[in-house]
Amino acid sequence: MPAFKAAAADNAQSVSGSTWTFTEGREGALEGPGWAVYLPLTQHTIGTDCGVGTTAFAAALAGWQKKNGLKPVGRMTPATASDLTQVWHAQRRHAQKARTEACRHAEEGRLVEVAKGDVWGKPEKLLPGAYRAYRAMIEAAKREAPAIFAGNVNLKIVSAWRTQERDAETCKTRKCSKVSMAPSCSAHWSGTAMDLNVGFIEGHSPADMDWGNRLFMVQQPAYRWLLENAGRFGFANYFAEPWHWEWNGD
Ligand SMILES: [Zn+2]
């Protein structure tokens, strides 16, 4: 039997199969019907474009498992899911700092207004460095992947700086996801995070935790381009939210 054939079959099943939990430190656990929402990020991390049910994907996963001190079985396992989320989490400088330092809240006077052409809806504010990095990234995306800007899939800013008070208020008046709306310390409060419109299903919104909506998002060219390129401009993704990108430069 070719190497990793059984692992490939197992991955093809578990990716959209039984309940799967991706944990993320103290921010809690995320359960879903499989791990398809995290597949593009997983492919990016383990360094393969190959489909989830292929032996090449299983081999790449085994290589990553070996490098990270896990048994190189080539199958997605709870330990692998846990280690992957830790790696993704570690790329977010703000979240790392918040573990040991006081939570950062931006002074409103230090923030700049985002230009009308860059917001998806209401006016938004960001730290100047974060906004400059966003502008540079958008100009690059326009040059390198113009198709992203067709229709409403345009990487415009849906939400940027928010205050802790405002997020708490939102949670009181509306059902809020425990991980996205009520974190112990949000990068949005520091003026370095932005939620970008990467595309969404009709009837949903650009920042909507619905599983099907997120599955749609991670398959969009805008998200795929960000995965490959946002790091060049100092941005890291919060893995559970395809729209949420944090600037690591401050
Ligand atoms: Zn966000």
Side-chain angles (χ1 to χ4, degrees), residues 22 24-28 30 37-38 40-41 85 88-99 103-106 108 111-112 114 118-127 129-131 133-135 137-138 152-201 204-211 213-218 220 222-223 225-227 230-231 233-250:
F22 273 71
E24 199 217 18
R26 60 183 188 176
E27 286 186 48
L30 294 149
V37 162
Y38 316 120
L41 195 47
T85 54
W88 298 333
H89 195 53
Q91 289 162 356
R92 298 164 63 208
R93 204 168 134 245
H94 180 273
Q96 289 305 309
K97 279 182 145 184
R99 290 181 172 188
C103 186
R104 284 190 303 154
H105 298 266
E108 193 168 0
L111 302 171
V112 290
V114 173
D118 289 334
V119 294
W120 192 72
K122 61 190 184 326
E124 296 293 344
K125 287 179 178 177
L126 281 169
L127 275 187
Y131 188 37
Y134 166 82
R135 285 292 337 148
M137 183 167 75
I138 293 303
N152 71 346
V153 184
N154 47 24
L155 299 182
K156 289 198 181 190
I157 297 172
V158 177
S159 182
W161 172 66
R162 301 195 298 255
T163 62
Q164 183 171 11
E165 293 71 30
R166 198 193 116 185
D167 276 356
E169 207 51 46
T170 308
C171 279
K172 260 192 260 167
T173 53
R174 187 173 92 191
K175 186 175 165 279
C176 68
S177 136
K178 73 173 181 211
V179 287
S180 64
M181 297 300 290
S184 48
C185 178
S186 168
H188 283 287
W189 306 341
S190 70
T192 58
M194 52 197 86
D195 298 336
L196 305 178
N197 179 17
V198 297
F200 57 95
I201 295 178
H204 289 278
S205 73
D208 177 330
M209 286 298 280
D210 174 81
W211 185 266
N213 195 43
R214 289 193 291 148
L215 196 51
F216 176 83
M217 287 172 163
V218 299
Q220 300 312 301
Y223 178 76
W225 189 87
L226 287 172
L227 262 193
F233 304 92
F235 286 97
N237 179 218
Y238 168 45
F239 79 95
E241 301 178 346
W243 57 84
H244 179 101
W245 296 82
E246 298 173 5
W247 183 59
N248 281 335
D250 188 62

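This one's a predicted model, so the numbers in the text were calculated from it and none came from an experiment. When a ligand or atom number is given, it counts from 1 through the structure's own listing order. Each residue takes its place number in the sequence, starting with 1.
Checking each of Trp243, Tyr134, Trp245 against Ile157 for a side chain to side chain contact (heavy atoms under 4.5 Å, CB included) leaves exactly one that passes, namely Tyr134.
Residues Arg166 and His188 have side chains that never bring a donor and an acceptor to within less than 3.5 angstrom of each other.
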Show the atom names and distances, to 0.1 Å, of all donor-acceptor pairs under 3.5 Å that link a side chain in residues 118-127 to residues at least two apart or in another chain.
from: Asp118; atom 1: OD1; to: Arg135; atom 2: NH1; distance (Å): 2.6
from: Asp118; atom 1: OD2; to: Tyr131; atom 2: OH; distance (Å): 2.5
from: Asp118; atom 1: OD2; to: Arg135; atom 2: NH1; distance (Å): 3.0
from: Lys122; atom 1: NZ; to: Glu124; atom 2: OE2; distance (Å): 2.7
from: Lys122; atom 1: NZ; to: Val158; atom 2: O; distance (Å): 3.2
from: Glu124; atom 1: OE1; to: Ala160; atom 2: N; distance (Å): 2.9
from: Lys125; atom 1: NZ; to: Glu108; atom 2: OE2; distance (Å): 2.8

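Around the Zn ion (ligand 1), the protein N, O or S atoms found under 2.8 Å comprise His188 NE2, Asp195 OD1, His244 ND1.
The aromatic rings of Trp88 and Tyr38 sit tilted relative to each other, their planes meeting at an angle between 30° and 60°.
Between Glu246 atom CD and Glu241 atom CD the span is 9.0 Å, to the nearest 0.5 Å.
Taking the side chain as every heavy atom from C-beta outward, Ile201 and Asp208 never approach each other to under 4.5 Å.
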